[in-house]
Amino acid sequence: MTLSTRYNPKEIEDKWYQHWMDKEYFYSTPDDREAYSIVIPPPNVTGMLHMGHMLNNTIQDILIRKARLEGKNACWVPGTDHASIATEAKVVKLLREQGIKKSDLTREEFMVHAWEWKEKYGGIILDQLKKLGASCDWKRTRFTLEDSLSKAVLEIFVDLHKKGKIYRGLRIVNWDPVALTALSNEEVIFTEERSHLYHVRYQIEGTEEWVTIATTRPETILGDTAVAVNPNDERYTHLKGKRAIIPMANRSVPIIFDRYVEVEFGTGALKVTPAHDANDYEIGQRHQLETVDIFNEDGTMSETAGFYIGEDRFKVRKKIVKELEASGHIVKIEDYNNKVGRSERTNAVVEPRLMKQWFLGMKDFAKTALDAVDSGEVKFYPEHMWNMYHNWLNEDNVRDWCISRQLWWGQQIPAWYLGEDIFVAKSEEEALAQAKEKTGNANLTIADLTRDEDVVDTWFSSWLWPISVFDGFDSPEELRYYYPTNVLVTGWDIMFFWVARMIMAGYEWSGDLLGEEAAKNKGVKPFHDVFFTGMVRDEKRRKMSKSLGNSPEALELIERYGGDGVRFGMLSSAAAGNDIVFDAPIDPKTKSVLNESKLCEQGQNFCNKIWNAFRMLEGLEIMDAPKEESTAAINQLAGEWFENKLQQTIAKHEESFKTYRLSEVLMGLYNLIWNDFFSEYLEFIKPDYQQPIDKATYEQAIGFFERLMTLLHPFMPFVTEEMWHQLRDRADGDDCVISKYPVAKAFDTAVIEQLDAAIEVISKIRFTRVQNGMKQKEALKLSVLKSEGVEKLLAKPGMKEVILKRGYLSALEFSDTDEIEGTIAFVAGTDKFFLEANIEIDVAAEKEKIEKDLKHQQGFATGIEKKLSNERFVNNAPPAVVDKERKKLADAHAKIKLLEESLKGLG
RNA sequence: GGGCGAUUAGCUCAGUUGGUUCAGAGCACCUCGUUUACACCGAGGGGGUCGGGAGUUCGAAUCUCUCAUCGCCCA
């Protein structure tokens, strides 16, 4: 059978993924083995695979596959997040297209539509992950809104309420006038936007005097209930006890003195609108001000405003400014950049509104979450992420979490109202029982109670994810086995939304759920390590996102370069934790991103190289024993050398894995496989054209190849599985995905160095040939000036033979003289070699080259001499370092001597 | 305003506790090479005073300070 010269990932990748699924290799149940568990950061159920997902999930897959190869019980739990706001918006939109208004539906009817949508379109992303090779335990696929997870949400809501941590309060909240729901602080994105600072004058009541305030939001004037100045501001002290008249509304409001007001800002006088600004609200609280809410929920002016009722706030701003200008109230208008908060989901400008909402007190939680990381129980990679985390969670910054959302797609808050009373309970029955007890009225029915219409924030379910995916709230068995999970791999952008909160939840509940003993033995944290991946950015360093259109299509990339190629590309650009600039170029003509990537191409080329190296091996004829002793010696030497290189690499990679330096491991394997194994080892053992190879060497090569495939498997699962099966006839179930990961063994650097020295000689021979326009493969004689070192080196069996073979030499001889007619000399290591040259030697050019080298060596030697003559260096530096310097100097001197002699020889 | 990170070859980035020629990788570039596993290839090469300045040290890409530029988080 002849194999194509091209590796074709398409059918191969699908074939093996199906095979792994059929064999249920990704399926995990608790057993005697050590568990290695990862929970996926659940992508939005509405989501499509993007570059961030690919990076994130490739990393998780690498870790989980490696654990599996190491014989651990690897369990990667997949799933999706119900994403209240995003999904509800999608469903509402779809219904609108069908002519159905959400407001015409009951909650129950809406939920039926929403679930239909979810079943039909949701979770496409999980299938996309399969294309990438993700080895999730698909039987465990979870959804944050499924029954058992929702049940857990209600339970912990009730629990936290009992503990007094959840409360319902009247606060200024972030209101999204498009999604028509409150948001948490984390869901508001502040960006600087160009706007204006309006200076507006208010008349002092009963006088002809005016006070000028500065505001960016003149439309809120109608909700003003005071004018505030700083008590230390001498400009305004005379206004004590006076009142100001609000333009248009013609209401009179007090002039108050509050230290919050910045004297330097604007005019030093501030209009106070307690209903529409968090700071103003606090001022209002301090001075018992009235709050006047002038907006409807959709951001239009309300009846209370009294003007422009029903018109949008931003249109009204313009109209009011015009009106104020006409009435002479505008003193001046300045250009001004201010921070505008927009809803993360709808991009609507968030309106601060005074509302009753449910909150979770964060003080204690924040401390728990801080301690977990401070104490080192939970480790962050990269470490500096701790700073951001710490900054957010410190007492001054952390604020209570608004957890209620005015939506339907989510877990409905388990609170029932009867008059002024609130009953929080897991079920209606319990709530009713509570109500009966409280009121003493045994005749109450559930119809007398009104359930809270709101749902909880999506993150209020996802913070339980590491516990709830193992059904930890129902039974401890799986939790005791898989929890704490080994590592969480996620982008740092959801550090506060999710990571910090999972830590809080872990410490809050898992202790009780695990039971005392298990909690003590295993710990209650949700994960040991958090590996924060960087954001994937485009050429201009913008975050890749669908809305910007700057992200290549993930599936297109896989289609083009194969899953392995894309995995390689993602990872090779992603050093631990740093943001990555992905190389997908932008078409200058269309301005749209091209689904191309040099890095992925490199990965694809790597697959092809592996494939072709195998084709060479596969095409060899095999004989029992080598015909010649020299061949046997070379093969023996090559095998020894590569075995040691391999062990050296494995050991190094173990260290890198510990700190999640995965791209380092991948590049290491790339070099080991391509350079050391293919370019050196295989070339050493490759027999002459159409000659057979001996069985032992062939077996050894296949053995190396096989181990390399296991090592590479976590990174490039498809090509390695394919090669695994090409390399040998395999019994059923003998698959690379479950092969045995090599354990690092001792290695001998001396063995590595010796052959490396020979490789240097070979390389110099080639260089000499290229420099002098000589043929690469013309058999030439090489001589070497006798030295102790080179004699010892060449005495090693196979060493001389390997130089002869790879240098295309006719002979390799020792010489006693340091000048040989008709040769070109070069220095390798500290030895001088003479390559036969059947050409006219350009003496001048040769001299120039030697002089250049000589100059370099002399400079190098001078540097070291200076160092060594410095007493403080010799006395203070560790002896090993000094010795190395001495050795370096001796080598340099030896080289200088050889070069000088060569120069002399040339005349 | 508070905090974090970055600045190394034309480009994208590695460089772990300061010490093996440590200044590196990939891509790009240049020269040569094709009946020999692979041109998605092979052999060889050029290219950076590690953002500027100062300091600590026997020794600094690495530590400290400072300036500059860029990016980000929080207010």
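First the proteins, then the strands, lettered A, B, ... as listed; each starts at 1.
One interatomic measurement links the two molecules: CH2 of A:Trp492 to P of B:C73, which rounds to 5 Å at whole-angstrom precision. Note: OH (A:Tyr389) to P (B:C74) measures 15 Å, nearest angstrom. Distance A:Glu344 CD to B:C73 P: 12 Å, rounded to the nearest Å. Rounded to whole Å, atom C1' of B:U12 lies 13 Å from atom CZ of A:Phe568. Between A:Asn174 atom CG and B:C74 atom P there is a gap of 13 Å when expressed in whole angstrom units. In this structure, A:Met388 atom CE and B:C4 atom P are separated by 11 Å, rounded to whole Å. Here B:C4 presents its C1' atom at 15 Å from CG of A:Leu393, a figure rounded to the nearest Å. At whole-Å resolution of the value, CG in A:Asn387 and P in B:C4 are 6 Å apart.
B:G46 and B:C32 have their C1' atoms separated by 15 Å, given to the nearest Å. For the P atom pair drawn from B:G26 and B:G59, the interatomic distance equals 34 Å after rounding to whole Å. For B:A60 and B:A68, the P atoms lie 26 Å apart once the distance is rounded to whole Å. Between B:U62 and B:A23, the distance separating the two P atoms is 14 Å to the nearest Å. With both ends at atom C1', the span from B:A75 to B:C13 equals 33 Å, rounded to whole Å. Here, B:G19 and B:U12 have their C1' atoms 29 Å apart, quoted to the whole Å. With P as the reference atom, B:C4 and B:C63 are 15 Å apart, rounded to whole Å. Only the P atoms considered, B:C65 is 43 Å distant from B:C29, to the nearest whole Å.
Sparse packing is recorded around CD of A:Glu262, with 12 or fewer heavy atoms of other residues, nucleotides or ligands lying under 6.0 Å away.
The salt bridge (Lys or Arg N to Asp or Glu O under 4.0 Å) test applied to A:Glu778 returns no partner, not counting sequence neighbours. Evaluation of the ring pair (Phe, Tyr, Trp, His ring centres under 6.0 Å) rule for A:Tyr808 yields no partner, not counting sequence neighbours. In this structure, A:Phe747 has no ring pair (Phe, Tyr, Trp, His ring centres under 6.0 Å) partners at least two apart in sequence or on a different chain. Every side-chain hydrogen bond (donor to acceptor under 3.5 Å, both in side chains) that A:His725 has, sequence neighbours left out, goes to A:Glu721, A:Asp735. Residues meeting the ring pair (Phe, Tyr, Trp, His ring centres under 6.0 Å) test with A:Phe642, sequence neighbours left out: A:Phe677, A:Tyr681, A:Phe704.
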Counting primed atoms plus P, OP1 and OP2 as sugar-phosphate and everything else as base, spell out the protein contacts along nucleotides 40-46 of chain B at 4.0 Å heavy-atom distance: B, S or - for each nucleotide, 5' to 3'. BSSSSS-
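Under 4.0 angstrom from either OP1 or OP2 of B:A75 there lies at least one side-chain N or O belonging to A:Arg399. The phosphate of B:G15 (OP1 or OP2) has a side-chain N or O of A:Arg661 nearer than 4.0 angstrom.
The two residues A:Ser572 and A:Leu666 have their closest heavy-atom pair at N-CD2, 4.3 Å. Closest non-hydrogen pair, A:Arg769 versus A:Gly807, comes out as NH2-O, 2.8 Å. Here the closest heavy-atom approach between residue A:Tyr561 and residue A:Asn595 is recorded as CE1-O, 4.2 Å. Nearest heavy-atom pair across A:Glu13 and A:Gly563 is OE1-N, 2.7 Å.
The residue from A:Tyr670, A:Phe718, A:Phe715 that alone fulfils the ring pair (Phe, Tyr, Trp, His ring centres under 6.0 Å) condition with A:Phe568 is A:Tyr670.
Nearest to the side-chain atoms of A:Met616 among the listed nucleotides B:C72, B:A37, B:U36 stands B:A37.
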Assess the residue pair A:Val499 and A:Val530 against the criterion (side chain to side chain contact (heavy atoms under 4.5 Å, CB included)); give the C-alpha distance rounded to whole Å, side-chain angles, the decisive distance to 0.1 Å, and a yes or no. CA-CA 8 Å; A:Val499 179; A:Val530 182; 4.2 Å; yes
Start with the C-alpha gap between A:Arg560 and A:Glu601, add the side-chain angles, then the distance that decides, and say whether salt bridge (Lys or Arg N to Asp or Glu O under 4.0 Å) holds. CA-CA 9 Å; A:Arg560 184 166 190 153; A:Glu601 191 181 308; over 6 Å; no
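Comparing A:Lys598 and A:Phe190 by the nucleotide of RNA chain B that holds the closest heavy atom to each, the one mapping nearer the 5' end is A:Lys598.
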Mind listing the N/O atom pairs, protein and nucleotides 24-26 of chain B, below 3.5 Å?
unit_1: B:G26; atom_1: O2'; unit_2: A:Gln602; atom_2: OE1; d: 2.5
unit_1: B:G26; atom_1: O2'; unit_2: A:Gln602; atom_2: NE2; d: 3.3

Are there any protein N/O atoms within less than 3.5 Å of an N/O atom in nucleotides 47-50 of chain B, and if so, which ones and at what distance?
none

Heteroatom pairs (N/O) under 3.5 angstrom, protein to nucleotides 59-65 of chain B:
none

What donor-acceptor contacts under 3.5 angstrom involve side-chain atoms of residues 758-765 of chain A, with partners at least two apart or in another chain?
unit_1: A:Glu760; atom_1: OE2; unit_2: A:Lys764; atom_2: NZ; d: 3.3
unit_1: A:Glu760; atom_1: OE2; unit_2: A:Gly829; atom_2: N; d: 3.2
unit_1: A:Lys764; atom_1: NZ; unit_2: A:Val827; atom_2: O; d: 2.9

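Ion pairing between a basic and an acidic side chain is recognised when a charged N comes within 4.0 Å of a carboxylate O; A:Glu699 and A:Arg728 show such pairing. One finds no salt bridge joining A:Glu618 and A:Arg615 here, because no Lys/Arg side-chain nitrogen approaches an Asp/Glu carboxylate oxygen to under 4.0 Å.
Under the salt bridge (Lys or Arg N to Asp or Glu O under 4.0 Å) criterion, the residue pairs touching residues 680-692 of chain A are A:Glu683-A:Lys686, A:Glu683-A:Arg806, with sequence neighbours excluded.
Paired runs in RNA chain B that reach 3 or more consecutive Watson-Crick or G-U pairs, where each pair keeps both distances under 3.5 Å, cover B:1-7 with B:68-74, B:10-13 with B:24-27, B:29-33 with B:41-45, B:51-55 with B:63-67.
Separation of atoms OG1 (A:Thr697) and CG (A:Asn635) is listed at 3.5 Å; rounding is to 0.5 Å.
Among the heavy atoms of the strands lying under 4.0 Å from A:Lys895 is at least one base atom, whether or not backbone atoms are also near. As judged by a 4.0 angstrom heavy-atom cut-off over every strand, A:Glu683 is placed among the base-contacting residues. Contacts of A:Lys686 with the nucleic acid, taken as non-hydrogen atoms under 4.0 Å apart, include base atoms.
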